[in-house]
Amino acid sequence: MKIASITPVKYFYKENGKLFRDLDRLKSHIISLKNQKDNFKKFSLDIYIADSSQDISISSRIEKICKNNGAKYLKQYINDFFNRGLLINDAFKRIAVCDEVLLLDLDLILNENLINRFIFARKISNFKVLICGINFLSIFHIDLNNTNIDKNLLEYQIESEKKRFYSANGLQLIKYNTFKKFGGLDVNFNAYCGTDDEILCRANKYNVSKNIKRYNFCINEPTDSLAYHLNHDIGTLSTNNKPKESEDSLRALLCQANREYLNKYIYRGKFRFQNNLKIDLNYVCRSAKSIYWGNKKSVLIKRESMNKEQLIKEYLKNRRGSVWSF
């Protein structure tokens, strides 16, 4: 079995000149994937790091980390206001054909048995997308050159985040052909990981109103930790030329629009086959001087004109394709 992992990354400098997250966590993330090597007789793994950082000096450092630790580096030229779905779709179109795709987030450190568990679950499950529950930690760093991943890390689990184990899944396994057939991830989710829920609804017929629960297609339990999410600072999307408050207000607006899109159009059980892998869709962009709705070629809505109703309207325009339901 051939597996490809895709991890989108986007690094910035904060107002104080420091990176918004340390590069050590990227190194540890890659090492935790490489540590799956004990099971390589059952599968081969290509590790892809998709970098959309706009600063050349940062990208060169990320590329060096990938080269030194056995990951494949993909430079992305996308002027998005962090859009996980868009970044993963772009990377997917550039990776080698494989059997399964493992979708990841930068801040995850993985148990060495993770992929093995996914493969076992795939054999006994009919779900098109499988997920792994995530334990959120209070610690910021794990040096995998000197530390093994074990359940003792649960000592650092954030009590208030335990409820997110089944709901905050930035870790999914999906067949390559299924991802392609479903048109990739929905690009309507900017700065908020609603892509997880949306693809689960489309692929697994996950329907909140019909009481279909996430744990049905989750490969582990809260005390059976396979993935750890490292802590990080809040407000990390701030940049040197933009006040923090303006970007916080934009994130709040996007969160409101994304949640309404999920609740009114996704959770009701009617979806569309999507063409996110083929059509140049619109999304929230960040250029050198401004933030806007559009794409690399055009500005459709300026930041000062954005509101929730307008965003929802644009989200629905993106949802091209034939309608289907449960």
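Note that the structure is predicted; figures quoted are calculated from it, not measured.
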Open item on the list: List the residues meeting salt bridge (charged side-chain N to carboxylate O under 4.0 Å, His left out) with Lys308, not counting sequence neighbours, and say none if there are none.
Closed with: Glu260
Task: Parallel, tilted or perpendicular: ring planes of Tyr315 versus Phe189, cut at 30 and 60 degrees - done: tilted
- [ ] Could you list the residues that satisfy side-chain hydrogen bond (donor to acceptor under 3.5 Å, both in side chains) with Gln157, not counting sequence neighbours?
- [x] Asn135
Task: Counterpart residues, salt bridge (charged side-chain N to carboxylate O under 4.0 Å, His left out), relative to Asp107 (two or more places apart) - done: Arg21, Arg25
Task: Residue pairs passing the salt bridge (Lys or Arg N to Asp or Glu O under 4.0 Å) test where at least one lies in residues 55-64, sequence neighbours excluded - done: none
Open item on the list: Using the ring centroid of each side chain, check whether Tyr13 and Phe20 are separated by less than 6.0 Å.
Closed with: no
TODO: Could you list the residues that satisfy side-chain hydrogen bond (donor to acceptor under 3.5 Å, both in side chains) with Asn79, not counting sequence neighbours?
DONE: Tyr292
Open item on the list: I'd like to know if the side chain of Tyr73 and the backbone of Ile65 have a donor-acceptor N/O pair within less than 3.5 Å.
Closed with: no
Less than 3.5 Å apart, which donor and acceptor atoms pair up between the side chains of residues 85-95 and the rest of the protein, not counting sequence neighbours?
{"residue": "Asn89", "atom": "OD1", "partner": "Leu185", "partner atom": "N", "Å": "2.9"}
{"residue": "Asn89", "atom": "ND2", "partner": "Gly85", "partner atom": "O", "Å": "3.3"}
{"residue": "Asn89", "atom": "ND2", "partner": "Leu185", "partner atom": "O", "Å": "2.9"}
{"residue": "Asp90", "atom": "OD2", "partner": "Gln76", "partner atom": "NE2", "Å": "3.0"}
{"residue": "Asp90", "atom": "OD2", "partner": "Arg94", "partner atom": "NH1", "Å": "3.2"}
{"residue": "Arg94", "atom": "NH1", "partner": "Lys75", "partner atom": "O", "Å": "3.0"}
{"residue": "Arg94", "atom": "NH2", "partner": "Lys75", "partner atom": "O", "Å": "3.1"}

- [ ] From the options Asn276, Asn318, Asn258, Thr195, select the one residue that forms a side-chain hydrogen bond (donor to acceptor under 3.5 Å, both in side chains) with Asn188.
- [x] Asn318
- [ ] Using salt bridge (charged side-chain N to carboxylate O under 4.0 Å, His left out) as the criterion, list what pairs up with Lys123, not counting sequence neighbours.
- [x] none
Task: Which residues share a side-chain contact (heavy atoms from CB on, under 4.5 Å) with Ser28, sequence neighbours left out - done: Ile109, Leu144
- [ ] May I ask you to list the residues sharing a hydrophobic cluster with Tyr166, side-chain cutoff 4.5 Å, ordered by chain and number?
- [x] Phe165, Tyr215
Task: Inter- and intrachain pairs under salt bridge (Lys or Arg N to Asp or Glu O under 4.0 Å), touching residues 166-188, at least two apart - done: Glu100-Lys175
TODO: Return each pair, listed once, that meets salt bridge (Lys or Arg N to Asp or Glu O under 4.0 Å) where at least one residue sits in residues 160-172; pairs must be two or more places apart or across chains.
DONE: Glu159-Lys162, Glu161-Arg164
Task: Salt bridge flag under 4.0 Å for residues Asp105 and Arg84 - done: yes
Task: Where at least one partner belongs to residues 117-136, residue pairs that pass ring pair (Phe, Tyr, Trp, His ring centres under 6.0 Å), sequence neighbours excluded - done: Phe127-Phe217, Phe136-His229
